[in-house]
Structure formats: structure tokens, C-alpha cells
Asker: 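Take a look at this one; I'll ask things after.
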There are 2 protein chains.
Amino acid sequence: MAVSLRDVAEAAGVSIATASRALGGKGPASAEAIRAVREAADRLGYQVNALGKALREGSDGVVGIVVPMVSNPFYASLVHEFEDQLSNLGLKLLIADSHGELDRETERLEALASRRVRGIFAVPAYFDRSSPVITKIARRLPLVQVDRRVEDDSALSYVGVDNADGVDQALRHVRDRGATTVVFVGADDRTSVGRERERAFAAGVERLGLVAQRPIIDRYLFEFGLSAAAQLLRRSALPDAVIAGDDLIATGLLAGFARHGRSVPGDVMVTGFDGTILSDICNPTLTTVRQPMAKIAEVAIAQLTRQIEDAEDTGSHVRLHTTLRPGGSTERTPLT
Amino acid sequence: MAVSLRDVAEAAGVSIATASRALGGKGPASAEAIRAVREAADRLGYQVNALGKALREGSDGVVGIVVPMVSNPFYASLVHEFEDQLSNLGLKLLIADSHGELDRETERLEALASRRVRGIFAVPAYFDRSSPVITKIARRLPLVQVDRRVEDDSALSYVGVDNADGVDQALRHVRDRGATTVVFVGADDRTSVGRERERAFAAGVERLGLVAQRPIIDRYLFEFGLSAAAQLLRRSALPDAVIAGDDLIATGLLAGFARHGRSVPGDVMVTGFDGTILSDICNPTLTTVRQPMAKIAEVAIAQLTRQIEDAEDTGSHVRLHTTLRPGGSTERTPLT
DNA sequence: CTGAAAGCGCTAACAT
DNA sequence: ATGTTAGCGCTTTCAG
């Protein structure tokens, strides 16, 4: 089998304790011992067994993240950011995909917890139904909610964006470009994000004096955007602008309208949410509400670190700002 | 701290061994003991410490995957597939991002190996320079190369697609639509995939009697496709078709041409590679060479499983077939 | 500075 | 069927 510390110690002619100190650089060790042990370790191709080390130390340098769907470019980028920044701290990332389902989410969270990861970043599948698991796990170990949160989470940490303001930015943007009738095409209204965006839309419409058509709500999928476009075209009149719940839906709308020969932004304007690469790729490019993904990861990691260091740390909620990035999908002469 | 098996055993009034058997369902245990132990475990909120279990058993149910960049939709989807299928086998996925850099790749592979993961899926950063580390790790534990491979890897397992045939499918497709001059815009020619596609292009051009312009090679990035389009436009004449190294580059080309007022497929046809969601999102939709991602994951997992079960298992190479998926980017009347 | 020994939590012989 | 015991590989008192 693999070579263990014992083998190295034997080969170096020292005790296993000395070998450990020599390699770990923690306790005292003579230069001579260090040299001999290092030499033996090299020669034998020794590598610490992280499991043994972790068992002894209570936990290893692994943190987990549970996202609803890695293949959604937004979460892919987010995971990328986390992996990146965590690696600079010497931490590894265990990733789990909940598919936005409670069962899978529960199972994954339990698995991570039982592995004694140092902490967990979670994007809850549901606003209400995920609450018990998330709360339960958070009692056992450091946990930071990212992007989405659960209800009754005043004791939990959370990092996300100001969705209400984000939707408002989109609404004002299309309003300034002449829109009077608008519609919201969003998703997952049983998630905090879905609810927040949908409500912000309703409130914003009211405040800005716009007219809202009946919203269409389903899932964060390109295919949904596609079918939503068809649905909108079946209605008596197209709105001036469609505010989509995320970039995936927005690009689906774009493709759907194109497929039916409608022009964006000519016949209808479209805005997205997230600021993923998708917004650059589509044609016209997508006006979207950009989330500061690197910053989200940074703040979330800082929060988790604080919780790890101070078990008493009480959860804090952080809302970061979004920025509207104008693209071709709303390119009209602004009103003055 | 957390409640351990010992606590449960005590509470249930049995020995720790009985408790283990009662919970694990492995050895013999009386119905009465099982009931008592379960009850105690529930009451105390016991959860196995996966670390202790893993140390004892030599490894835990974790496998690792190292990809060059999770935020590339192709790898995001691949990771998604792996996570999905592995979870059905009760395995967890530890993910690492090499950024396509040798240093990071080496570090991540070592870390995974030292954690005694059951096995590793790796997309090597380089065809040549990654060879030593991949080979070394593969000697220590089950490893399957995915998508890309290293040189001198006859002893290593590999699962990927027939890139040569894939590029050929694209070439024949544009040839059938009237293309005579073509150009390859690819990337990472120090990876197996980059080389294979580039060579297949050169060979295919020859065989089909087409005329190739000087290729442009850089990285698998949208931004590169964008600048490559500009570069092509600066040349004396635009080719009839551009064969891109992947979807990211292809969509960059599409955006680049659009930005300069050129029509695709009118002025120039474009094909991609991978079959990611990007090909649906762009406008026109992208004709692309689809990789069977689910199948790739399936075969790779089967190979890893075989290696885990049989340490002597000698590496096998599997090349899966690609399928050309026609999109708007090459929509012309086929010649007859 | 070094070695002996304990123990992290768990499972698997082995003995009863 | 159950309990005792021996480690998995490592770090860390505690003596010396």
C-alpha cells in the first residue's frame, strides 16, 4: 500500500513523532533530523494521508458548496470564483448539485456535514421548504447562504445582491427608452431570489407608473424563455419590454422572438439578470443586471472564515449592489 | 463537540461494536439492539464521522475531477454530468480547477491524491508538460483522462471523442454548402484536443480539396473569437467558412462578425465544437459538432470503477462519436 | 531535541 | 448476538 509516516520514520532511523515534527515544521526538530526525514520521505515518495491528519485535527481543509445547477453559467462562474479564491487560502472545494430539489439538497448537505467539512456555502433550493435543513446544518457547522436564502434566517449568514434594486434598474432603463407596458418572465418563485425579483417588478411597475401584463413564471432554463416568447406572442399585444428573471431565460426569449421573426429591440425590448457570458454571446447582446460574482465569493468566504474562527459569530446579511450593463436588446434612443 | 458512536453506544447501553453493526447493517445485530441504537442515535442527533470511517476503510466515497476551467460551459456541463451520475453510485465529487496551468494542476492532483480519493478524472492542462504528473498520480491511484490526454499514455485510461472525425464532419458540412476556402480558428495547441483538431483540419482540407488560409490559434475564450474575427477581416479576403475550435470561440466569431456588419452565414459560415448551450443561444444558432457529454461521463465512470475494482486493469482508450448539429450559422442551400 | 504513548471515530476480526 | 481489541495515519502532550 501507500507509504506511511511510520515507513518514513523507520527509513530515516527516527521515531514517528520526530518524523511528523520534521515534516510538519511544527514542533522542535534538529536540522539533522529534518534533513534525514526529508530525504527518506522523498526517496519513498511519501505523502501525508490527509484523512489521518483530518481525523486527528477534527477537520481538513475542505469546504463544501451546494448549488442548484452547475451547468447554469451563473453558478458555474460562481463556483469558479469560489474555487479560485479558496485555493488561495489553501482550502479545497467539495461541490454538490442539488438540482433545485429538496431531497437531493438534504442528502448533500448531510453528506458534507458528516464529512466534517470546515464549512458550507449553500444556495438553498427553496425559500420555505429548505429552511429546516439549512437551519439544522447551520447549527452544526459554519454555513453561509449565497445568492438565495431561506425564510426565518435571521440567525444565518447570507450574501447576495439587492434584487429589488436590480430589477428596478432594469425597469427604469426600459422606461427611459419608452416602455409603458412591461411583463416579467421569471422563475422559481419558491426561492428567495425568484420572489424578490417578482415582487420588485410589481412594486417597480406601480411606482414608475408602468402597465404590467400577467407575468409568466417557470424555471431558470433557456427552454423556458423560448416557450415564454411563444406564449407572449399568442397574447393580443406584445409588451414594450420583457424583464427576464435571469440571463438564461432572457436569451431564450431572444431566441424565441427571433424564431418568430420578431425584432429585439425593435418590436420588444428584453433585459436579463446575472451578467453571465451569455449576455455577450447572444445577438443582439443582452442588457442585463450584473451581479458582482467575485465580490460575492469574497464576502461569503470572509463570512465563513469569521464563523470558523468565532463559533459565536452571529449571522449577518450582506446585500451587494448590481450594475446595469446596457446591451443591444434595449438599444433605443433614450427619452429626454 | 459532535456526538460520536461511543456516545450513542453508551446511551443505548450496548458496546460500540454493536452500535456500529446496528447502524451500519453490516454484521449481525438483534432487532432489539438495532431499535435501541437507532433510537439513541436519533435522539442524540448522531451522524457518522465520514473521516473516521474513511481512515479505517482506506478511502471514502469521494472522487476528484480536475478541469481546466469550470466556467467554460462545456466543462460545467461535463462536471454536472459527472456529479449527477456519481451521486447515483453514492460517490461525492471533489472539484478542482487547474486554469489550464501546470502548477495549479500539479498542486490539485497532489492534494486529491493525498486525500486518498477513490479515483480521479483529469483533463490534462498540457499534452506534453502534464505527462509526468498525470503518469505519476495514475501510478498511485485510479485515474481516467477525460476530453484531453497526455502523450505517452498508453498505460493510462482515456475517454474522449474522435476529434479528427468531428472536424471532418464540420468540413464536409461546409464543403457541401459551397465552401472552398476555409480557415481554422482554434486554441491550446499544446493540448491533445487542440492538436488533434488542428491537424484534422489540415488533413481534411487536403483530402477534400479545399483551400486553407493561415490558421489563428490562441485560447478557448469568447474574447479570442471576437478578436479573431477582427483579424480575419483585416486579411485581404474572407474565407467561405471558419471552423472554430470550440463553441466559445465560435460564438466570439459570430459576435465579432456581427459587430463589423458582416453576415453569417451570408458573408461567411461558422462552425463550433462541443454542442454546448451556447450554440442555441447565439443568433444565428451555431452549427456545431456535438460531444456526447452524458456518454463521456458514463464511460469514464465505468472505466474508473473497473480500475478501482481491479488494480491490474490496464488503461484503455475510448473514442466516442460526435454528431454534427446544423444551425443557422451555415444555413445555405446544400449543393447537390 | 527526541521517543513513547494516547487517541481522533470508526470497522472488522476474534473471542465469547 | 455481543463485547473486546486492534488498528487505519496522524499529531501532540508528556517524559526524558
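Here is how names work: the chains are called A, B, and so on, in the same order as the sequence lines, proteins then strands, and each is numbered from 1.
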Asker: Any side-chain N or O of Ser30(B) below 4.0 angstrom from OP1/OP2 of dT2(D)?
Answerer: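 Yes, such a contact exists.
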Asker: Once you apply a heavy-atom cut-off of 4.0 Å, does Ala54(A) come out as touching a base, just sugar-phosphate, or nothing?
Answerer: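 Ala54(A): no heavy atom of the nucleic acid under 4.0 Å.
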Asker: Looking just at side-chain N and O atoms, do Glu151(A) and Ser131(A) make a donor-acceptor pair shorter than 3.5 Å?
Answerer: no
Asker: Does dT11(D) have OP1 or OP2 sitting under 4.0 Å from an N or O in the side chain of Ser20(A)?
Answerer: yes
Asker: Is the shortest side-chain N/O distance from Lys53(B) to OP1 or OP2 of dT11(C) below 4.0 Å?
Answerer: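 Result: yes.
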Asker: Expressed in angstrom and rounded to an integer, what is the separation of Ile34(B) atom CD1 from dT2(D) atom P?
Answerer: 9 Å
Asker: Please pick, from dA12(C), dG3(D), dC10(D), the nucleotide with the shortest atom-to-atom distance to any side-chain atom of Tyr46(A).
Answerer: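 Shortest atom-to-atom distance from the side chain points to dC10(D).
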Asker: Provide, to the nearest angstrom, the distance between the CG atom belonging to Leu55(A) and the C1' atom belonging to dC10(C).
Answerer: 8 Å
Asker: Using the closest heavy atom to pick a nucleotide of DNA chain C for each, name whichever of Thr18(A) or Gly52(B) lands nearer the 5' end.
Answerer: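 The answer here is Thr18(A).
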Asker: Would you indicate which nucleotide in dT12(D), dC10(C), dT2(D) comes nearest to any side-chain atom of Pro28(B)?
Answerer: dT2(D)
Asker: When you look at Val150(B) and Asp153(B), which way does the side chain to side chain contact (heavy atoms under 4.5 Å, CB included) test go after all the steps?
Answerer: CA-CA 6 Å; Val150(B) 297; Asp153(B) 68 341; 3.9 Å; yes
Asker: Measure CZ/Arg21(A) against P/dT11(D) and give the value in whole Å, please.
Answerer: 11 Å
Asker: Assess whether salt bridge (charged side-chain N to carboxylate O under 4.0 Å, His left out) is satisfied between Lys136(A) and Glu110(A), documenting all intermediate values.
Answerer: CA-CA 10 Å; Lys136(A) 181 177 154 208; Glu110(A) 298 281 4; 3.1 Å; yes
Asker: If you look at every strand shown and take non-hydrogen atoms under 4.0 Å, does Ala29(A) touch a base, only sugar-phosphate, or nothing?
Answerer: sugar-phosphate
Asker: CG of Leu51(B) versus P of dC8(D): gap in Å, rounded?
Answerer: 17 Å
Asker: Find the distance Glu57(A):CD to dG7(C):C1' and express it as a whole number of Å.
Answerer: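 The answer, rounded to whole Å, is 14 Å.
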